[in-house]
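Structure first, then comments.
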Amino acid sequence: MENVMSINQGSEFKKGLHAGISIAIGYVPVALTFGLLAKTTGLSIGETVMMSMIVFAGASQYMSLSLIALGTGIVEIILTTFIVNIRHFLMAASLNEKVEFDRVINRIVYSFGITDETFSVAATQPGKLSTGYMFGLNLIAYASWVMGSGIGFAIGAGLPATLQQSMSIALYAMFIGLLVPSMKQGVKVIFLAALAACFNSVFTMTEWLSTGWAIVAATLLSAVLVELIEIMKKKGKVSGVE
Amino acid sequence: MIIGMGIVTFIPRMLPFIMFRGKELPPFLQGVLKNVPYATLGALIFPAVLYIQEDIWYGVIGALAAFVVAFLGANVIVVVMGSIAVLSAYSLFF
């Protein structure tokens, strides 16, 4: 029995690794550039790799570099990081509903690897998510991010300019590649995504909210609105029958 | 500083798994959380995809290419590769 379980988890782990390949590809140009920028900002290679290992959050790491360059204080940098990454609370809460039951310690360990990208891949997967899958997915993304940062620092260069440019689409292409098959399932998905995109555009373009908060607000607003509409529709049907 | 950044990043990622452990959330909240992935994807893609390069067409063409390839039913990796290929061709010619 024990054996069957571990074999199962093993193949789930591989499934996770496989699902994370497009993330790993997408992280390469971003991580190389981070390494390069960290070097020009004056961080050591140890600090650069440590930051990628300990923080593992692209947007806030980039932001910290520009804040360091500006001579901003430590407390402010940490606070900014918190604000930028608070959106992961929403994502983690959503994933918590989707993962299979397991010991809390395993969940805490793989929750460390939740990023916009790993979340998107995991959450669009059909059915429940196993612990093995989550570990595989997050590990390949993590490895790509950490190694990419180190390599970017060491060689002091990104990819050739043209490739770097065209690869900047990679993560967005992945988001689109995850969203489109779900869109075919129904109007609700299209509506959710379009609504959130509109809200987010309004929030960021009018500069009401910073990027981190704009994503949180746009996501929450559209998720709640669509749910309310759905409930009203159901009620309407019921009272119609009466 | 790095450790501080790590802690404040980890807390929001980990907290829901402890807070909501083994709890049945109210159906309304469950519904909202089920909607979150698709709303997040919409907000992550747009408008940020327009600003990946100074040339706004870069994002537009890349996103369109990805959409077409994905619509044809291709695997996510093929979508990523396809849109990188299309943009490589675009930057060769323009």
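Below, chains carry the letters A, B, ... as their sequence lines are ordered, and counting in each starts from 1.
Between B:Met5 and A:Ser64, the closest heavy-atom pair is CE-CB, 3.5 Å. Nearest approach of A:Thr162 to B:Ser91, heavy atoms of both residues: CG2-OG, 3.4 Å. Across all their heavy atoms, B:Ile2 and A:Met51 have their closest contact at CG2-CA, 3.6 Å. In terms of heavy atoms, A:Gln185 sits closest to B:Tyr38 at OE1-OH, 4.4 Å. The two residues B:Ala63 and A:Ile169 come nearest to each other via the heavy atoms N-CD1, 4.0 Å. Residue A:Asn96 comes nearest to B:Pro16 through the heavy atom pair ND2-O, 3.7 Å, listed as atom of the first residue, atom of the second, then distance.
B:Tyr90 does not touch chain A: none of its heavy atoms, backbone or side chain, sits under 4.5 Å away. Interface remark: A:Ala194 contributes no atoms to any contact with chain B (heavy atom separation under 4.5 Å). In this structure, no portion of A:Met53 lies under 4.5 Å from any heavy atom of chain B. Proximity to chain B (any heavy atom under 4.5 Å) is shown, for A:Leu171, by neither the backbone nor the side chain. Looking at A:Val109, neither its backbone nor its side chain comes within 4.5 Å of chain B, counting heavy atoms on both sides.
For A:Asn200 (side chain) and B:Phe46 (main-chain N/O), a donor-acceptor pair under 3.5 Å exists by modelled atom type. The backbone N or O of A:Ala223 sits less than 3.5 Å from a side-chain atom of B:Asn35, completing a donor-acceptor pair. Proximity of a side-chain donor or acceptor of B:Arg13 to a complementary backbone N or O of A:Ser111 within less than 3.5 Å is not detected. Panel note: side chain A:Ser94, backbone B:Leu33; a donor-acceptor pair is recorded below 3.5 Å.
Between atom CD1 of residue B:Ile77 and atom CD1 of residue A:Ile21 there is a gap of 4.5 Å, rounded to the nearest 0.5 Å.
Between B:Tyr58 and A:Ser166, the closest side-chain pair of non-hydrogen atoms falls below 4.5 Å. Side-chain contact between A:Leu95 and B:Phe17 is present, with at least one heavy-atom pair separated by less than 4.5 Å. In this structure, B:Phe71 and A:Met183 have side chains that are not in contact, with every pair of non-hydrogen atoms separated by 4.5 Å or more.
The most heavy-atom pairs under 4.5 Å with chain A, out of B:Gly59, B:Ala48, B:Ala70, B:Pro47, come from B:Pro47. Most heavy-atom pairs under 4.5 Å with chain A: of the set B:Lys34, B:Met14, B:Met81, this distinction falls to B:Met14.
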